[in-house]
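Worksheet: the structure to be examined is printed underneath.
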Amino acid sequence: MPVVCVVGAQWGDEGKGKVVDLYAQYADVVVRYGGGANAGHTLVVGGEKVVLHLVPSGALQPRAQCVIGQGTVLDPKVLLDEIDELERRDLAPERVFVSDRAHVVLPHHKLIDGLREADAGAGAIGTTKRGIGPCYEDKVARRGIRIGDLVDAKTLGERVRANIEAWRPVIAALGGEVPDVDAIVQLYAEYGGRLRPFITDTAKLLWDAMKDGKNVLLEGAQGAMLDVDHGTYPYVTSSTVLAGGACAGAGLGPTAIDRVVGITKAYTTRVGGGPFPTELHGEDGERLRKAGNEFGATTGRPRRCGWLDIPALRFAVQINGMSELAVTKLDILAGLGDISICTHYEGRDGTRYDTPPYDGLEDLTPVYEKLPGWTEDLTKCETIDDLPDNARSYIRRIEELADAKVGMVSVGADRTQTLRLRDPFG
Ligand code: IMP
């Protein structure tokens, strides 16, 4: 039963969408298991750019069933827009299945997310303001609205009313306006009506698919360093983004997952606040940002850029149980001169850290090793042997330091610009 999980190994934006899109050629089912419209997967197909926030990136392959599991938090309007987009592209939206247990992002979740960020000033998390945090708060507080609730107007009204009452003092304290309950209930009941054909028990769907020996691809969102438990807390998202989260978020057991593929850029980026030991400031960061076109797919924010952070990558390999890595955007490093790679961090007292500690990352100094760069354009390379020696050595060094094999290298945004070292479902 080949079940493959693709996860981000950094702070998100590693290029998971491209890898998932490629693997989806072999998949019968592709599943999103966590997060929401904070994720933005950019795909380039035939020169055309497509950004998906909720529907799994596998949707652009015409065959696979696209499942949105119960670990996600869904903004129904975003979901319906993406379903419409699939329809426009003739990509069979009836392949989309949405868990009845997934949680619903309500308008005041987004409002509160934005107000809190504004209120926090310099201490802001830098969230995507998509209401992700408040929605997960409701889930854990056991007062959330689930997708299944949208199709029952009576319970929907009662639950939304109780939910808004719980948030009323918070909204007032933040200087916001409490939204009109009736208008929300009416609008969300309409969304429910439109979503009804897509809503199902997705864990059962997965179970049946696995029993039939189908190929299942679990598509992670964000990256290990944004994980609510293991990331740079509190500068994290509000869900378990690791491969382990796929079990609860999609509804399968840990023994069902055969392989975990971690995606890492050849360098590092992060959006939002929080520590980033290898960040390059000034002109050096700007050069990388420009070369890699590092602007957020969801919010358009410029991403912070820096050298590859091996301690963070090594940690991601360990806590995800990664079977292999896929390295994206290797082409971007061409012409940047020598390449630095952070092998470990050092504390003020000289203590060595091979993985990030639970706190105080901002006080540690990254220790670098310099590797010779290359000037050749990699975007036309077709196999790993076409890479210049220095680019190949860089990949080998990542493998040694992170203690994981590299199974794929990406040298451009298009599907074709991918050097494969092994078959994901093989
Ligand atoms: P939230 O998930 O919107 O609450 O944002 C919390 C943190 O996670 C912020 O630093 C965001 O920039 C970051 N974040 C959330 N989703 C993504 C993503 O898909 N890519 C990169 N960063 C993300």
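Quick note: numbers below take in every heavy atom, side chains included, and nothing from hydrogens, waters or symmetry partners. Start at 1 and go down the list; that is how both ligands and their atoms are numbered. Residue numbers run from 1 in the order of the sequence given.
Lys329 pairs by the side-chain hydrogen bond (donor to acceptor under 3.5 Å, both in side chains) definition with Glu294, not counting sequence neighbours.
A donor-acceptor pair under 3.5 Å links the side-chain atoms of Thr268 to the main chain of Trp307, judged by distance alone. The backbone N or O of Asp227 sits nowhere less than 3.5 Å from a side-chain atom of His230 that would complete a donor-acceptor pair. With Arg301 contributing its side chain and Gly296 its backbone, the two residues share no donor-acceptor pair below 3.5 Å. Between the side chain of Arg143 and the backbone N or O of Ile164 there is no donor-acceptor pair closer than 3.5 Å.
Using a 4.0 Å cut-off between charged nitrogen and carboxylate oxygen, Glu324 and Arg259 count as a salt-bridge pair.
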As a test of reading the model: which N/O atoms of the protein lie under 3.5 Å from N/O atoms of ligand 1, and at what distance?
unit_1	atom_1	unit_2	atom_2	d
ligand 1	2 (O)	Asn38	ND2	2.9
ligand 1	2 (O)	Thr237	OG1	2.6
ligand 1	3 (O)	Thr128	N	2.9
ligand 1	3 (O)	Thr128	OG1	2.6
ligand 1	10 (O)	Val271	O	3.3
ligand 1	12 (O)	Gly126	O	3.2
ligand 1	12 (O)	Val271	O	3.3
ligand 1	12 (O)	Arg301	NH2	3.1
ligand 1	16 (N)	Gln222	NE2	3.2
ligand 1	19 (O)	Asn38	O	3.4
ligand 1	20 (N)	Asp13	OD1	3.1

